[in-house]
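Any value given below was found using the heavy atoms of this structure, including those in side chains, with hydrogens, waters and symmetry copies removed. Source: prediction; values computed, not measured. Convention: sequence-line order gives letters A, B, ...; per-chain numbering from 1.
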Number of protein chains: 2
Amino acid sequence: MAKKRAYHHGDLRRALLQEAVRLIQRKGVDALTLRAVGEPLGVSRTALYRHFADKSALRAAVASEGFRMLTLQVLEAWNGHGRNAEAFQEMGMAYVRFAMAHPSHYRVMFGECVEASTDPELAREGAAAFQALVDALTWQQQNGSVRPDNPLRLAQFIWATVHGIAMLAIDRLLESQQTDVEELTRFANERLRIAISV
Amino acid sequence: MAKKRAYHHGDLRRALLQEAVRLIQRKGVDALTLRAVGEPLGVSRTALYRHFADKSALRAAVASEGFRMLTLQVLEAWNGHGRNAEAFQEMGMAYVRFAMAHPSHYRVMFGECVEASTDPELAREGAAAFQALVDALTWQQQNGSVRPDNPLRLAQFIWATVHGIAMLAIDRLLESQQTDVEELTRFANERLRIAISV
DNA sequence: ACCTGAACACCGTTCAAGT
DNA sequence: ACCTGAACACCGTTCAAGT
């Protein structure tokens, strides 16, 4: 009875995805092995191949899910705070908060192993996240609250900054100075506002 | 005669380090295996254990070497251009150029696998690179050309930006918009100057 | 002091076979 | 349609043995 779901697991794909995230969270990207992800689910190490092309496709799926969540959260911050300068700051805060709250997702999203070029869905989700930033900038340019530089270039500049903070924080490279990441992000967003004002 | 150096290789430690970098450069961090690094040197896969504690110590050594080179190059840019606002920009350019020129080193330096906390030499080299940035900022604060914020905080902000550009460039995330990384870095540095001015 | 070769416990992937 | 189990070619690390 305990092994009733040995065959035809309800939603093995989702379960595998969930377990993969849990595994990376607890023991790092290197600990994500097919055996380790299958065992807690009571499934053989090759069961995964019915749902994903291979191990890297599993990682790409984690990354896709991550980008989808990230886009949702930054858009919510931007739209929920009135699409103004303050809302743009909250967008930056939301970005870094997402990375801190989901370091496993974030690491896979920007890791070496996952190539957006090989997975069209991942490329789409990644592009959507970036587009949210570009849109917020062009909106502010039409307002006259952001200088009329190339919006793509502005977006890359700001993306690099929040991405840099996120990566350094996840890699624990800000801890030696006992930095409050939230504070650093707020400081950076204030300085960025000066940098992109007309 | 061709196998003369089968025993007592002249400087196997250096050769292993070099081969490790070459391997990561050509085939990625995952391709760095003890077998793959030993074979081209005509040495068994376990020979490495005479010179490094284990595989992760080899990676840490690559990272240390990277930080040492990085510090040299940013200091040369800063000192060589007169320690002024322009020199500070060149420091930023030198940072990103280093990452582009040595992506293998850079990826290992900031990868998940290498923990500065476990290797004191790596921690020292990493701290020295960051200190070069802090010093350049306090120098400019004494000049009155940079606002008197907490220099550590300013340094983290700027580090995050150049680190973000470097990471995105290495991960090929700027290619879809056909970005000239050099141009983006110059743009970012100009905007950062506005952000940190008094 | 420095390196080898066998052994061990792992790994991703393929594939014929089972339900 | 979905999953298993054996097989294959890998992997890092340990350790007794060789020079």
(request) For side-chain hydrogen bond (donor to acceptor under 3.5 Å, both in side chains), just list the numbers for B/Q156 and A/T179, CA-CA rounded to whole Å, side-chain angles, deciding distance to a tenth of an Å, and then say yes or no. (result) CA-CA 9 Å; B/Q156 289 170 333; A/T179 305; 2.6 Å; yes
(request) Report the secondary structure of DNA chain D in dot-bracket form, marking unpaired bases with a dot and bases paired to a different strand with |, and treating Watson-Crick or G-U pairs with both distances under 3.5 Å as paired. (result) ||.|||||...|||||.||
Considering only side-chain heavy atoms of [X], which listed nucleotide, [options], is closest?
{"X": "A/R45", "options": "D/dG12, D/dA7, C/dC3", "result": "D/dA7"}
{"X": "A/L34", "options": "C/dT13, D/dT14, C/dC3", "result": "C/dT13"}
{"X": "B/R35", "options": "D/dG12, D/dT4, C/dT13", "result": "D/dG12"}
{"X": "B/L12", "options": "D/dT13, C/dC3, D/dC3", "result": "C/dC3"}

(message) Going by side chain to side chain contact (heavy atoms under 4.5 Å, CB included), B/H105 matches just one of B/I24, B/V62, B/L70. Which one?
(response)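 Of all the options given, the one that passes is B/V62.
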Roughly how many Å is it from [atom1] in [X] to [atom2] in [N], rounded to a whole number?
{"X": "B/F52", "N": "D/dG12", "atom1": "CZ", "atom2": "C1'", "value": "16 Å"}
{"X": "A/Y49", "N": "D/dA6", "atom1": "OH", "atom2": "P", "value": "18 Å"}
{"X": "B/K55", "N": "D/dC10", "atom1": "NZ", "atom2": "C1'", "value": "12 Å"}
{"X": "A/D30", "N": "D/dC11", "atom1": "CG", "atom2": "P", "value": "15 Å"}
{"X": "B/R50", "N": "D/dT14", "atom1": "CZ", "atom2": "P", "value": "12 Å"}
{"X": "A/D54", "N": "C/dC11", "atom1": "CG", "atom2": "P", "value": "17 Å"}
{"X": "B/E39", "N": "D/dA9", "atom1": "CD", "atom2": "C1'", "value": "15 Å"}

(request) For A/L32 and for B/H51, locate the closest nucleotide of DNA chain C by heavy-atom distance; then report the residue assigned to the nucleotide nearer the 5' terminus. (result)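 Looking at DNA chain C, the more 5' nearest nucleotide goes with B/H51.
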(request) Begin with the C-alpha distance, continue with both residues' side-chain angles, and end with the deciding distance and a verdict on salt bridge (charged side-chain N to carboxylate O under 4.0 Å, His left out) for B/E39 and B/R45. (result) CA-CA 7 Å; B/E39 201 192 340; B/R45 61 188 167 287; over 6 Å; no
(request) Determine whether any donor atom in the side chain of A/T46 lies under 3.5 Å from an acceptor atom in the base of D/dG5, or the reverse, and answer yes or no. (result)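 Answer yes: a donor N or O sits under 3.5 Å from an acceptor.
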(request) Would you classify A/L58 as touching base, sugar-phosphate or nothing, given that sugar-phosphate means primed atoms plus P, OP1 and OP2, and contacts are heavy atoms under 4.0 Å? (result)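 Since no nucleic acid heavy atom lies under 4.0 Å of A/L58, the category is nothing.
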(request) List the steps and the verdict of salt bridge (charged side-chain N to carboxylate O under 4.0 Å, His left out) for A/R68 and A/E121. (result) CA-CA 10 Å; A/R68 216 156 31 236; A/E121 191 204 339; 3.0 Å; yes
(message) Set out, in order, the CA-CA distance, both residues' side-chain angles and the distance that settles salt bridge (charged side-chain N to carboxylate O under 4.0 Å, His left out) for A/E19 and A/R22, then state yes or no.
(response) CA-CA 5 Å; A/E19 188 59 36; A/R22 210 177 74 97; 3.5 Å; yes
(message) If the test is ring-ring contact (aromatic ring centres under 6.0 Å, His included), which one of A/Y95, A/F98, A/F130, A/F110 qualifies with A/F67?
(response)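 So, applying the ring-ring contact (aromatic ring centres under 6.0 Å, His included) to A/F67 and each of A/Y95, A/F98, A/F130, A/F110, only A/F110 qualifies.
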(request) Locate the shortest heavy-atom distance separating A/L168 from B/A160; write the atom from each residue and the value. (result)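 In terms of heavy atoms, the two residues are closest at CD1-CA, 4.0 Å.
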